[in-house]
Structures are given as C-alpha cells and as structure tokens.
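Keep in mind it's a predicted model, so treat the numbers as computed, not measured.
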Amino acid sequence: MTVTDSNLPQGRDSLTDELLWRGLIQDSTGLDELRALLDGGSATFYVGFDPTAPSLHVGNLMQVVMARRLQLAGHRPLLLVGGATGQIGDPKESAERTLNPPEVIAGWVRRIHDQLSPFVSYTGENAAQLVNNLDWTGEMSVVEFLRDVGKHFPVNKMLAREVVKARLETGISYTEFSYQLLQANDFFELHRRHGCQLQYGGSDQWGNITAGVDYIRRRGAGPVEAFTTPLVTKSDGTKFGKSETGAVWLDPQMTSPYAFYQFWVNADDRDVSRYLRYFSFRSREELEELEKATAERPQARLAQRALAEELTTLVHGEREMAQAVAASQALFGRGSLDELSPETLRAALTEAGLVHLDELPDVAGLLKESGLVPSMKEARRVIAEGGAYVNNVRIAEVDATVSPADLLHGRYLVLRRGKRNFAGVELGR
C-alpha cells in the first residue's frame with residue numbers, strides 16, 4: 001500500500017492541501033511544521049482508541065478513515081487500543097465514568113484490535129502496527145510513574161483544561177485527573193519505541209494531545225507534531241452517530257450492515273457534502289461533480305447513496321453493501337425480495353418495525369397488527385383502494401389471506417401500505 005510521489009496523479013494537491021480542503025484539520029501544533037512532516041516523506045503517526053464498549057462506532061470513523069488516508073499517502077500508522085487508559089477513562093464534563101472490570105476491557109481490546117485490522121495494510125514499507133498501551137503502562141510502578149512522568153506536569157496547566165474546570169464544582173477523582181499523564185506518556189513511549197513523530201485525534205482531545213507534545217519536549221526528545229480533526233455534527237442539532245434505534249456501531253452484530261447503510265442514506269441534505277469530504281476517498285473533482293449533481297436533483301439523493309455505498313463497502317465489504325442496496329430497493333417494490341439473505345431481510349424489517357406473531361391472521365389483520373393502519377375498518381379500506389401489498393404483491397380482495405407458503409425464508413412477510421410505508425411480520429421466534 002506504499003504510495004510514493006512517482007505514482008501519485010500529476011498535478012495533485014499536497015496531502016496537507018487536500019486535508020485542509022476537506023476540512024479535516026482543526027487545530028495543529030504549527031501548520032508549516034505539519035506540512036513539512038506530511039508532505040516531506042514517510043512519517044510514523046499514531047491515533048488512539050479507548051475500549052469503552054465492545055465495538056467502535058461511527059463517531060470513531062473519522063479517526064479510522066484518517067489513518068487509512070495517511071497510510072495511502074505513504075505514512076506509517078500505529079493504531080493504539082488503550083488497554084491501560086481504557087481502565088481509567090478520559091474525564092467527562094458531566095460526571096465520573098463507571099470503571100469496567102479489567103477482564104471486560106481486555107475482551108473489548110481484542111475485539112477492537114480485530115475491528116481495526118481491515119482498514120489499513122500490515123505489509124509494505126509503511127506497514128501498520130497495532131499497539132496496546134498496557135504493554136508499557138502495566139509494568140510501571142507508582143513511584144516510577146510519579147518520578148518519571150508526573151514531575152513534568154504543572155498542576156496549574158492541568159487545572160486549566162476546560163473539562164477539568166467544569167468538574168471542579170462537582171468533583172473529579174485523581175484517577176480521571178491523571179488520564180492526561182497516561183495519554184501523554186503514550187506519545188512519548190511510541191516516539192521512543194517506534195520513532196512516532198505525529199499524533200492526531202478528535203478536537204475534544206486537543207488538551208491531552210498537546211500535553212503529550214509538551215511532555216516529549218520536557219524529556220529532551222522530539223520534535224513531534226500533532227493535529228486534531230473537527231467534531232462531526234448534524235445540522236439539525238441531534239448527535240452524530242445516533243439513529244432512531246441508538247448508536248450506530250461498526251460491529252455488524254450490534255448494528256446490521258443494512259442499518260449502517262440506511263444511516264448514511266438518511267443523512268440530511270445540509271450535511272451530506274461535508275460528510276463526503278470527511279469520509280470519502282473520491283477525488284476532489286469527483287466530489288465537486290457529485291455535489292453539483294445532487295444540487296440539481298436533490299430528490300435522487302445521489303450524494304447520500306454514494307456515501308452509503310462507499311462506507312458500507314469499507315466497513316462491511318462489497319457483498320454486504322450489495323445486500324443493503326438490494327434490500328432498500330426490494331422493500332419499496334423495486335427489486336426481488338427472494339434475493340435477500342435471511343439476515344439482511346430481518347435487519348431491514350427490524351429497522352422498519354418487526355411484529356412477532358404466533359399465527360397468521362388475514363391480510364387486513366396483518367395490516368392492523370403491524371401498525372400500518374389503526375383499525376380493521378381502515379385496513380379494509382386501504383385494501384379496497386388498492387394500497388395494500390404483501391411481499392410486494394398488491395392485494396385485491398378485502399378478505400384475502402396468506403399461507404405458510406407465502407413466508408419468506410419460512411418466517412417473514414413484508415407488508416406495505418402505499419409507496420413508502422412498510423413493516424414486517426415474523427412468524428414464531
């Protein structure tokens with residue numbers, strides 16, 4: 001995966017220029033120094049992920065995609081999973097974190113290690129490496145930590161952090177207060193062990209990141225650089241990374257590939273161009289052309305579909321992306337339901353609203369039980385007017401019934417009222 005100047009497209013902007021155009025650099029230790037590092041040959045960089053859950057989520061996707069982007073430009077990634085820092089927890093503005101048992105965190109570390117693996121290459125001159133900060137933090141005694149690390153951190157500067165100031169009134173434990181020292185020491189150890197020259201992270205990590213830069217300087221090492229990516233937001237004020245059913249995870253067992261695809265397809269028109277610049281690997285010319293086409297035909301949701309297809313392929317693979325696309329078409333009568341796997345069909349129906357029944361009523365009863373109509377009278381009216389569908393087949397008779405032979409994969413029915421309102425039925429459990 002090593003990329004050199006000789007095989008870059010001619011006339012291409014520098015990596016720094018491209019990141020700036022995409023809006024991916026919010027803060028930096030110095031833009032000139034960062035440009036010299038990013039555009040001056042291969043550099044080793046690191047980004048960290050704390051195991052606070054069994055999976056990464058789309059809120060982490062910015063940092064995962066950035067690692068891939070930097071490696072494609074010829075830089076060497078160190079992907080750190082915080083087996084040590086995950087046991088402490090970065091301070092939140094609201095309240096103290098709940099500390100998870102070490103054995104739980106160890107399991108999450110393994111899962112996140114595996115989850116990060118597909119995004120980068122582990123071969124070539126700039127091969128990626130997975131690292132765990134428990135390897136150096138776990139063997140350090142309390143005295144060593146206080147003497148070798150703690151003595152380089154002025155308490156007044158630590159108290160000046162916004163998140164710490166916000167917690168002084170309600171209280172903050174020494175455990176969370178010391179998190180900054182652990183993260184700073186990670187940068188130092190990676191610099192010492194692997195020649196790491198660059199750290200990046202989300203904008204909420206700027207205080208921790210610059211503490212690491214300053215700590216390396218105080219230890220007489222360096223120079224090193226750092227930058228942050230912007231906080232990803234939604235224009236409607238809701239939190240990015242949340243859907244109606246909760247957090248959008250990268251683990252397919254926690255968020256299905258279909259639900260993941262739908263999250264991006266449903267992106268607000270006001271957000272999608274920004275998301276494309278953040279997450280897509282399409283060229284500047286391709287993105288500008290897509291933005292123009294989307295502005296001319298917003299109802300086609302060209303940008304949303306392009307983003308959803310690219311990111312679902314990246315996270316879940318081409319086969320799952322194709323199934324998600326097929327499901328989104330088939331549910332609205334534009335494709336065959338028979339071609340969907342049981343897993344994809346169930347995931348799609350779960351998103352729409354899946355009702356579990358022990359026996360099959362007639363079609364009018366199915367419409368009512370699924371919530372597509374409020375009453376049997378309304379169900380019969382919809383059928384009589386030609387607006388009811390079972391498995392994309394229009395129902396013509398008010399007293400129509402279905403049989404076990406109509407069940408998809410032996411247990412599912414897709415119900416639709418009109419063009420866009422659908423629900424699912426699962427027979428049995």
* To do: Decide, yes or no, whether a salt bridge links R274 with D271 under the criterion of side-chain N to carboxylate O below 4.0 Å.
  => yes

* Asked: Would S283 and E286 count as having a side-chain donor-acceptor pair, cut-off 3.5 Å?
  -> yes

* Structure fact -> Per side-chain contact (heavy atoms from CB on, under 4.5 Å), V414 is matched among V390, L349, V393 by L349

* **Side-chain (E369) to main-chain (H356) donor-acceptor, under 3.5 angstrom** => no

* **Q26 versus T228, side-chain donor and acceptor atoms under 3.5 Å** => no

* Counting distance only, does the side-chain N/O of T312 pair as donor-acceptor with the main-chain N or O of E309 below 3.5 Å? -> no

* To do: Taking the side chain as every heavy atom from C-beta outward, state whether V64 and V315 have any atom pair closer than 4.5 Å.
  => no

* To do: Taking only Lys NZ, Arg NE, NH1 and NH2, and the carboxylate oxygens of Asp or Glu, determine whether K292 and E288 approach each other closer than 4.0 Å.
  => no

* Asked: Taking atom types as modelled and ignoring hydrogens, do the side chains of T229 and Q63 form a donor-acceptor contact shorter than 3.5 angstrom?
  -> yes

* CG-CG distance between L56 and L61, expressed to the nearest 0.5 angstrom -> 9.0 Å

* Student check: side-chain heavy atoms of F145 and L182 closer than 4.5 Å -> yes

* Using a distance-only test with no angle check, is there a side-chain donor-acceptor pair under 3.5 angstrom linking Q71 and S121? -> no

* Give a yes or no on whether a salt bridge exists between E18 and R284, defined as a side-chain N under 4.0 angstrom from a carboxylate O. => no

* To do: Run the salt-bridge test on R282 and E289 with the 4.0 Å N-O cut-off and return the result as yes or no.
  => no

* To do: May I have the step-by-step check of salt bridge (Lys or Arg N to Asp or Glu O under 4.0 Å) for R270 and D268, ending in yes or no?
  => CA-CA 5 Å; R270 296 169 293 176; D268 194 300; 2.8 Å; yes

Using distance only, find each side-chain donor-acceptor pair of residues 127-136 under 3.5 Å and give its atom names and separation, not counting sequence neighbours.
from : atom 1 : to   : atom 2 : distance (Å)
Q129 : OE1    : R76  : NH2    : 3.1
N132 : OD1    : G83  : N      : 3.0
N132 : OD1    : L134 : N      : 2.9
N133 : OD1    : G83  : N      : 3.2
N133 : OD1    : A84  : N      : 2.7
N133 : ND2    : T85  : OG1    : 3.0
N133 : ND2    : D186 : OD2    : 2.9
W136 : NE1    : D186 : OD1    : 3.0

* Hey, is CZ on R297 packed in by over 12 heavy atoms from elsewhere, all under 6.0 Å? -> no

* **Any donor-acceptor pair under 3.5 Å from N391 side chain to L337 backbone** => no

* To do: Please check if any side-chain donor atom of S55 sits under 3.5 Å from a side-chain acceptor atom of D251, or the reverse.
  => no

* Smallest separation among heavy atoms of N126 and P77, with atom names -> O-CD, 3.6 Å

* What's the shortest heavy-atom distance between A423 and L372, and which atoms? -> CB-CG, 4.1 Å

* Asked: Would R416 count as a cation-pi partner of Y389, with NZ or CZ less than 6.0 Å from the six-membered ring centre and within 45° of the ring normal?
  -> yes

* Asked: Just wondering, do P51 and R110 contact through their side chains at under 4.5 Å, heavy atoms?
  -> no

* Decide if the gap between the ring center of F240 and the ring center of Y275 is smaller than 6.0 angstrom. => yes

* Taking atom types as modelled and ignoring hydrogens, do the side chains of E125 and S42 form a donor-acceptor contact shorter than 3.5 angstrom? -> no

* What closest approach, in Å, do H75 and G41 show between heavy atoms, and which atom pair accounts for it? -> CE1-O, 2.8 Å

* To do: Check the surroundings of atom CD in E359: do more than 12 heavy atoms from other residues, nucleotides or ligands lie under 6.0 Å from it?
  => no

* Asked: Is there a side-chain contact between V248 and H57 (heavy atoms, below 4.5 Å)?
  -> no

* Taking every non-hydrogen atom, the tightest pair across L302 and A293 -> CD1-CB, 4.0 Å

* Asked: With sequence neighbours left out, what residues match F332 under ring pair (Phe, Tyr, Trp, His ring centres under 6.0 Å)?
  -> F422

* Asked: What are the two closest heavy atoms between R22 and S280, and how far apart are they?
  -> NH1-O, 2.9 Å

* Are any non-hydrogen side-chain atoms of Y278 and V65 less than 4.5 angstrom apart? -> no

* Asked: What do you reckon, is CD of Q329 surrounded by more than 12 foreign heavy atoms closer than 6.0 Å?
  -> yes

* Report yes if the side chains of D204 and V163 come closer than 4.5 Å at any heavy-atom pair, otherwise no. => no

* **Main-chain N/O of L367 paired to S370 side chain as donor or acceptor, under 3.5 Å** => yes

* Less than 4.5 Å apart, any side-chain heavy atom of Q183 and any of I209? -> yes

* For the student: nearest non-hydrogen atoms of V58 and G241, plus distance -> CG2-CA, 3.2 Å

* **Note, L72 side chain near F281 side chain (heavy atom, < 4.5 Å)** => yes

* Which salt bridge (Lys or Arg N to Asp or Glu O under 4.0 Å) pairs, counting each pair once, include a residue from residues 385-407, with sequence neighbours left out? -> R381-E385

* Asked: Using 30° and 60° as the class limits, which term best fits the ring planes of Y412 and H409: parallel, tilted or perpendicular?
  -> perpendicular

* Asked: Just by distance, with hydrogens left out, do T52 and D50 show a side-chain donor and acceptor under 3.5 Å apart?
  -> no

* Asked: Is the backbone of A259 close enough, under 3.5 Å, to the side chain of S256 for a donor and an acceptor to pair up by distance?
  -> yes

* To do: On the 0 to 90° scale, with breaks at 30° and 60°, tag the Y200-F227 ring pair as parallel, tilted or perpendicular.
  => parallel

* Take the angle between the ring planes of F260 and H316 and call it parallel below 30°, perpendicular above 60°, tilted in between. => perpendicular

